[in-house]
Amino acid sequence: MDVTVSSWLVIALGILGANLPFVNEKLFAAVPLKKAAQAEGSKGWRKPLALRLLEMVILYFIVGAVAFALEARIGNAFPQTWEFYAITGCLFLVLAFPGFVGRYLRKRR
């Protein structure tokens, strides 16, 4: 796999990983959560925002591990400082914006 393909793969994984917590009600899109006790007539149980954010942080580290593995496979993996992680964390939050808007800010009619 060359550098261009691996770069686009990391970008695609970042977009997918950032939006995944907001597009479904399962944990990591695979593990169904137990339904809480709810009143009759409600539309179903929803994942709380705190759980979605925790899931997004875990997916950030998973995407970072994949990116590090691809970088090490291409050549030398460069050591990073805290600035790198601050910038990539903020970028991951920006990539999550479409999923957040679709889940919390869009009007449901």
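Along the sequence shown, residues are numbered consecutively beginning with 1.
Counting heavy-atom neighbours within 6.0 Å of Asn76 CG, excluding the residue itself, gives a total of 12 or less. Remark: Phe78 CZ is loosely packed, at most 12 non-hydrogen atoms of other residues, nucleotides or ligands lying under 6.0 Å away.
Note that CD1 of Ile87 is 8.5 Å distant from OG1 of Thr81, once rounded to the nearest 0.5 Å. Separating the CG atom in Asn24 from the NZ atom in Lys26 is a distance of 8.0 Å, to the nearest 0.5 Å.
Transitive grouping of hydrophobic side chains (ILVMFWY, heavy atoms separated by less than 4.5 Å) brings Val5 and Leu70 into a common cluster. Placement of Ile62 and Leu95 in two distinct hydrophobic clusters is found when ILVMFWY residues are connected by side-chain heavy-atom separations under 4.5 Å, directly or transitively. A continuous path of Ile, Leu, Val, Met, Phe, Trp and Tyr side chains, each step under 4.5 Å between heavy atoms, connects Leu105 with Met56, placing both in one hydrophobic cluster. Hydrophobic clustering of Ile, Leu, Val, Met, Phe, Trp and Tyr side chains at less than 4.5 Å, counting indirect connections, unites Leu53 with Phe97. Criterion: ILVMFWY side-chain heavy atoms under 4.5 Å apart, direct or through other members. Under it, Leu93 and Tyr60 are part of a common hydrophobic cluster.
In this structure Lys47 satisfies the side chain to side chain donor-acceptor pair (under 3.5 Å) test together with Glu55, sequence neighbours excluded.
Here the side chains of Phe92 and Val57 are not in contact, with every heavy-atom distance at 4.5 Å or above. Using a 4.5 Å heavy-atom threshold, the side chains of Thr88 and Val63 count as separate. Side-chain contact between Trp8 and Ile11: present, with at least one pair of heavy atoms (C-beta onward) separated by less than 4.5 Å. Using a 4.5 Å cut-off on side-chain heavy atoms (C-beta onward), Phe100 and Asn19 make no contact.
Between Ala96 and Ala18, the closest heavy-atom pair is CB-O, 3.4 Å.
For residues 92-105, the set of pairs meeting the salt bridge (Lys or Arg N to Asp or Glu O under 4.0 Å) definition, not counting sequence neighbours, comprises Glu25-Arg103.
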Assess the residue pair Phe28 and Leu59 against the criterion (side chain to side chain contact (heavy atoms under 4.5 Å, CB included)); give the C-alpha distance rounded to whole Å, side-chain angles, the decisive distance to 0.1 Å, and a yes or no. CA-CA 8 Å; Phe28 300 110; Leu59 287 170; 3.9 Å; yes

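Arg52 places a side-chain N or O within 3.5 Å of a backbone atom of Pro21 that can act as its donor or acceptor partner.
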